[in-house]
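Computed from a predicted model, the values in this text were never measured in an experiment. Basis for what follows: all heavy atoms, side chains included, without hydrogens, waters or symmetry-related copies. In what follows, residues are counted from 1 in the order of the sequence shown.
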Amino acid sequence: MATDTLKKTSGGGGLRRLLLDNGALTALIVLVIAMSALSGDFLTADNLLNVGVQAAVTAILAFGVTFVIVAAGIDLSVGSVAALSATVLAWTAAEGGVPVPVAVLLAVATGIACGLVNGFLVSYGKLPPFIATLAMLSVGRGLSLVISQGSPIPFPDSVSHLGDTLGGWLPVPVLVMVVMGLITAFVLGRTYIGRSMYAIGGNEEAARLSGLRVKRQKLAIYAFSGLFAAAAGIVLASRLSSAQPQAAQGYELDAIAAVVIGGASLAGGTGKASGTLIGALILAVLRNGLNLLSVSAFWQQVVIGVVIALAVLLDTVRRKAGATPAPAGASGGGKGKQAVTYLIAAVVAVAVVGATSLLHGGSDSGAKRKIGLSLSTLNNPFFVQIRAGAEAEAEKLGVDLTVTDAQNDASQQANQVQNFTSEGLSSVIVNPVDSDAAGPSVRSANKADIPVVAVDRGVNEADTAALVASDNVEGGELGAKALAEKLGGKGTIVILQGQAGTSASRERGAGFAAGLKKYPGIKVVAKQPADFDRTKGLDVMTNLLQAHPGIKGVFAENDEMALGAIKALGAKAGKSVQVVGFDGTPDGLKAVQDGTLYASVAQQPKQLGRIAVDNAVRAAEGKKTEETVKVPVKVVTEQNVAGFDG
């Protein structure tokens, strides 16, 4: 009876069971079909390689997290550990004079050490994995900032080749991803520790009673996660040609999402390398395709969140249906079925390639000229104003403008510029998160003969048709002059700094310091970062007032922090304490009108956007452009604010 029932179940619902057992693969195929149908640029060879490169770092991190999740743990620290390992490599090689091979070993050792600390806190300290790794997330990021002093460190040339291609077409990050995936599959399916992971995740107490040294195994499991995080950090920094102390923020969530989408259960006991790879590819295909379709970065987050929820829902449905993913190292029959499944997927993919090639085979001769604009962030009014100016000029000139948001992530911006390149746009405008990190992706556009215009910040080690910018250093000097003269050349002040490692913060701070040298009566009693954020500006200013209640002035490196400082100062703002901001945003100008903000060093962001688009169109048409176009900065006070519109 039981045998008959089993036969009916396996025979009658074969297709349904196939889809349930391979939900992630099914989802990937559906996504590829959808993106191919919606965008003719998706299935080009260059773009598919882009997808592989963009999946590489997430996949390598996720392979390490797979070990932890299979063992019913969690690791929230992998993004910070990746940044710390890359920073250690760059600092020891560039600043410490250590030979590069030794620096690489030190970076790997750093990742393993962080993993061992996590494992010790979980196994012997009895801390929940969530808390232990959350603590390491903060410690790792903090150490990265301490070592780098908040500034990117150039990566050694010999290691930067990891971000290059072999034979001019095969990306090295993809090869590293494949190798790390094979190692993961081998560890899970062919080693004692791999079997231990499944046993611990399935039932930790039963594993302990059966003779497994669970505490030691957990040390090794978290050490593996740290090792893979270090490898991911090195690959990421190689792509950007620099170690960014703020790199890989939020990547731990992508890594966990890739593992869960790939079929692993957060309850432990299930998961495999191939599923994790498919999960990472799904995230990369989503972001790449949504970029090509000009979908807002804000909506991209919504879509990815929905996909994660659907993946967990599918896992629940699969369990209720009795479909369970085969563990790594399953019998030969299981492997044979898996091979057939992947073969079917390959056939479907080839069929899609052929169909979509015919679908998008028409001519684009009548299409409008297309330009891409990658902004460092849209979570700041200054850059929103740049976008507004750019869109107004694009509409006036009759060009199709695609705007993307890098969310202050240099790696995400590199992906966006590469996507623009693979689309074959007429020209690209980039507002770099970091001038060094933008170099490799802009060089790829140079090779494709796509002109690039930089706006607000320059691009290092790459060719740009024009740089449209105001002078941050000059603006800082003007801010110092305005504040010092308002205070009569004497008094104590505090400085609210921008996000550590960004060129805007460095340049504005340097200009302000240089300008302040002319006023020896002005004393800076405190400097603290508030990350260009209004809420953090409020909190930091509130704290500084406790230690320095008698200050006379505040210089904030952008208007958002200045507005937060004004809120903290209350009735003192504009009366006993003078505040100077930077950017000339609408809210900042309103505060100037109200008298709470004494001045804002305005960069005229709308003008930056307009001029950048105009130069991008000229460059696309082969016309001559100025190498540097300077948009003057202005100190806007209550006297001249009425005539200023940005």
* Counting distance only, does the side-chain N/O of Ser85 pair as donor-acceptor with the main-chain N or O of Ala82 below 3.5 Å? -> no
* Asked: So how far is it from Ser441 OG to Phe420 CZ, rounded to the nearest 0.5 Å?
  -> 10.5 Å
* Asked: Is there a donor-acceptor pair closer than 3.5 Å between any side-chain N or O of Asp583 and the backbone N or O of Thr585?
  -> no
* Heavy-atom distance under 4.5 Å between the side chains of Val430 and Val455, does that happen here? -> no
* To do: Please determine if Asp587 and Arg534 form a salt bridge, counting it only when a charged side-chain N lies under 4.0 Å from a carboxylate O.
  => yes
* **Ser242 side-chain N/O to Gln244 backbone N/O, donor-acceptor pair under 3.5 Å** => no
* Intermediate values then yes/no, side-chain contact (heavy atoms from CB on, under 4.5 Å), Arg443 and Ser241 -> CA-CA 12 Å; Arg443 288 197 295 271; Ser241 296; 3.8 Å; yes
* Asked: Quick one: CD on Gln54 to CG on Leu286, what's the gap to the nearest 0.5 Å?
  -> 12.0 Å
* Is the closest side-chain donor-acceptor distance between Asn431 and Gln413 under 3.5 Å? -> no
* If every non-hydrogen atom of Ala56 is compared with every non-hydrogen atom of Met177, which pair is closest and at what distance? -> CA-SD, 3.6 Å
* Say whether Thr87 and Ser144, considering side chains only, have a donor N or O and an acceptor N or O under 3.5 Å apart. => yes
* Check whether any side-chain heavy atom of Val78 sits under 4.5 Å from a side-chain heavy atom of Tyr251, and report yes or no. => no
* Asked: Taking the side chain from Thr270 and the backbone from Ser265, do they hold a donor-acceptor pair closer than 3.5 Å?
  -> yes
* Which heavy-atom pair separates Leu563 from Gly588 by the least distance, and what is that distance? -> CD1-N, 4.2 Å
* To do: Examine the side chains of Asn288 and Asn47 and answer whether a donor and an acceptor come within less than 3.5 Å of each other.
  => yes
* To do: Would you indicate whether the side-chain heavy atoms of Val428 and Val453 approach each other to under 4.5 Å?
  => no
* Structure fact -> Here the gap from Phe224 atom CZ to Thr66 atom OG1, rounded to the nearest 0.5 Å, amounts to 12.5 Å
* From the options Leu145, Asp434, Val433, select the one residue that forms a side chain to side chain contact (heavy atoms under 4.5 Å, CB included) with Gln246. => Leu145
* Asked: Ignoring hydrogens and geometry, is there a side-chain-to-backbone donor-acceptor pair from Ser238 to Ile234 under 3.5 Å?
  -> yes
* Student check: side-chain heavy atoms of Gln604 and Leu608 closer than 4.5 Å -> no
* Main-chain N/O of Leu134 paired to Ser138 side chain as donor or acceptor, under 3.5 Å -> no
* Spacing of CG belonging to Asn50 relative to CD belonging to Glu423, to within rounding of 0.5 Å -> 10.0 Å
* Between Arg239 and Gln418, is any side-chain donor less than 3.5 angstrom from a side-chain acceptor? -> yes
* Structure fact -> Correct closest heavy-atom pair for Ala72 and Ala267 would be CB-O, 3.5 Å
* To do: To the nearest 0.5 Å, tell me how far Asp254 CG sits from Arg287 CZ.
  => 4.0 Å
* Asked: What class does the angle between the rings of Phe228 and Phe67 fall in, given that below 30° is parallel, 30 to 60° is tilted and above 60° is perpendicular?
  -> perpendicular
* Distance, nearest 0.5 Å, that separates OG1 of Thr44 from CG of Leu49 -> 8.5 Å
* **Minimum heavy-atom distance Glu557-Ser505, with the two atoms named** => OE1-OG, 2.7 Å
* Under 3.5 Å, is there a donor-acceptor pair between the Asp409 and Gln249 side chains? -> no
* Asked: Does atom CG of Asn379 have more than 12 heavy-atom neighbours, drawn from other residues, nucleotides or ligands, at distances under 6.0 Å?
  -> no
* Asked: At their closest point, which heavy atom of Ala83 faces which heavy atom of Pro245, and how far apart are they?
  -> CB-O, 4.1 Å
* Polar side chain donor-acceptor pair, Thr133 to Tyr222, under 3.5 angstrom -> no
* Just by distance, do the side chain of Ser77 and the backbone of Met136 share a donor-acceptor pair under 3.5 Å? -> no
* Closest heavy-atom pair and its distance - Ala562, Ala556 -> N-CB, 3.5 Å
* To do: Give me the one residue out of Asp46, Val51, Asp41, Asn291 that meets side chain to side chain contact (heavy atoms under 4.5 Å, CB included) with Ser422.
  => Asp46
* Side-chain (Asn408) to main-chain (Thr377) donor-acceptor, under 3.5 angstrom -> no
* Hey, is the main chain of Phe532 close enough, under 3.5 Å, to the side chain of Asn558 for a donor-acceptor pair? -> yes
